[in-house]
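What follows is a single structure, written as structure tokens, with notes after it.
Throughout, protein chains are lettered first and strands after them, A, B, ... in sequence-line order, and every chain is numbered starting at 1.
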2 protein chains.
Amino acid sequence: MPDHRLQEAIDTLKGSGVRITPQRHAVLEYLLNSMTHPTADEIYKALESKFPNMSVATVYNNLRVFREIGLVRELTYGDSSSRFDCNTTDHYHIICESCGKIVDFHYPSLNEVESLAEQVTGFDVSHHRMEVYGTCSDCQKENAH
Amino acid sequence: MPDHRLQEAIDTLKGSGVRITPQRHAVLEYLLNSMTHPTADEIYKALESKFPNMSVATVYNNLRVFREIGLVRELTYGDSSSRFDCNTTDHYHIICESCGKIVDFHYPSLNEVESLAEQVTGFDVSHHRMEVYGTCSDCQKENAH
DNA sequence: TTATTACATTAGAATCCTTATAAATAGTGT
DNA sequence: ACACTATTTATAAGGATTCTAATGTAATAA
């Protein structure tokens with residue numbers, strides 16, 4: 001569906017001297033089409049049928065390349081494995097403590113916080129991170145039983 | 001120093017039917033006194049001299065108990081291991097991307113964000129988390145060379 | 001006190017996620 | 001098509017955390 005996003009991403013990669021291999025293309029395409037925030041292993045399993053010989057290291061390698069170029073963000077939540085998000089527009093996440101679901105939500109970026117932190121601490125601020133935790137409506141219903 | 005906090009925590013544990021063993025007491029005390037946000041391994045190493053036979057599993061077990069009771073919060077930053085924080089006072093963290101230093105800073109709690117997220121997503125919000133990342137003044141000087 | 005029970009600790013193995021290695025493979029620009 | 005070099009692959013290695021089974025210890029009841 002977002003063919004233009006895929007093409008843009010490929011152009012960005014090429015512009016940085018990154019080769020477009022079939023595996024790389026597939027990982028990128030999967031990430032762009034997925035609304036969830038998949039783990040490396042989920043991506044690996046999803047592409048297993050298409051690339052039976054692909055190594056899990058390839059998935060990690062490509063995710064690292066995408067992250068370094070700025071195409072994806074790596075999210076480290078409480079659970080064991082990292083999740084990858086290719087939605088680079090400014091948004092935050094709310095995470096269900098019961099089922100682990102991650103939902104996007106938008107909020108004006110907290111620039112004030114960054115500038116205040118900079119003044120108070122003397123840091124040179126690069127970015128910030130914020131998440132909200134709670135129980136999603138599905139799990140609220142579950143728990144009601 | 002915060003003997004009352006330690007005593008309160010112990011009372012909370014006892015109230016939940018958790019036994020106070022020497023190792024458990026030591027882990028709890030260390031966490032309450034530490035201004036940094038130690039990893040399990042840091043706690044393990046810090047208590048090594050006092051408890052030469054303590055297993056690293058004991059540290060993990062106790063941290064899990066404390067977390068389940070709500071005495072500490074587990075924080076996962078980008079790096080490999082979790083950090084543990086006695087989540088009592090409201091404050092945020094700013095983290096140096098160069099040396100890993102974690103500095104506290106205060107900011108009015110982002111209640112608006114929580115309530116907006118609640119409305120938009122239908123979650124029942126329990127808490128949020130925010131950190132600012134950047135380069136501390138020491139590392140800025142280093143880099144200037 | 002003694003026996004019983006349930007909870008804790010220990011040491012080490014096991015597991016999971018991620019990265020490193022080295023050889024083979026395959027894009028890309030010319 | 002060639003040469004150059006990035007990439008993939010399979011596997012090993014690494015680190016963090018959890019599991020297991022045996023042992024130890026605190027609380028409780030008889």
Next on the checklist: Checking B/R67 now: which residues fulfil salt bridge (Lys or Arg N to Asp or Glu O under 4.0 Å) with it, not counting sequence neighbours?
Outcome noted: B/E74

Item to check | Positions of residues 43-54 of chain A (non-hydrogen atom under 4.0 Å from DNA chain D), listed by number | outcome: A/N53, A/M54

Checklist outcome for this item: Note: chain A reaches DNA chain D at heavy-atom distances under 4.0 Å over the stretch, first to last nt, 5' to 3', of D/dT5 to D/dA10

Checklist entry - Who are the side-chain contact (heavy atoms from CB on, under 4.5 Å) partners of A/S81, not counting sequence neighbours? => result A/T39

Item to check | Contacts of B/L13 that satisfy side-chain contact (heavy atoms from CB on, under 4.5 Å) - sequence neighbours left out | outcome: B/V18, B/I20, B/L28, B/V65, B/F66, B/I69, B/L71

Next on the checklist: Treating primed atoms plus P, OP1 and OP2 as sugar-phosphate and everything else as base, which nucleotides of nucleotides 18-30 of chain C get B, S or - for protein heavy atoms under 4.0 Å?
Outcome noted: SBB-----BBS--

Checklist entry - With sequence neighbours left out, what residues match A/S55 under side-chain contact (heavy atoms from CB on, under 4.5 Å)? => result A/A57, A/T58

Checklist entry - Can you list every side chain to side chain donor-acceptor pair (under 3.5 Å) pair that touches residues 126-138 of chain A, not counting sequence neighbours? => result A/T76-A/R129, A/Y92-A/H128, A/K101-A/D138, A/E114-A/H128, A/S126-B/E97, A/R129-A/E131, A/E131-A/Y133

Item to check | B/H25 and B/L6, any side-chain heavy atoms less than 4.5 Å apart | outcome: yes

Item to check | Selection residues 43-65 of chain B - residue pairs positive for salt bridge (charged side-chain N to carboxylate O under 4.0 Å, His left out), sequence neighbours left out | outcome: B/D41-B/K45

Checklist entry - Who pairs with A/Y60 by side-chain contact (heavy atoms from CB on, under 4.5 Å), at least two apart in sequence or on another chain? => result A/A40, A/V56

Checklist entry - For B/Y77, what residues pass the side-chain hydrogen bond (donor to acceptor under 3.5 Å, both in side chains) criterion, not counting sequence neighbours? => result B/H93

Next on the checklist: For the helix from C/dT1-D/dA30 to C/dT30-D/dA1, what angle separates the axis at the start from the axis at the finish, each from five pairs, in steps of 10°?
Outcome noted: 40°

Next on the checklist: Please find the pair of heavy atoms, one from B/E42 and one from B/H37, that lie closest to each other, and give the distance.
Outcome noted: OE1-O, 4.5 Å

Next on the checklist: Do A/P38 and A/L31 make a side-chain contact, defined as non-hydrogen atoms from C-beta onward lying under 4.5 Å apart?
Outcome noted: yes

Next on the checklist: Any heavy-atom pair between the side chains of A/V132 and A/I95 that's under 4.5 Å?
Outcome noted: no

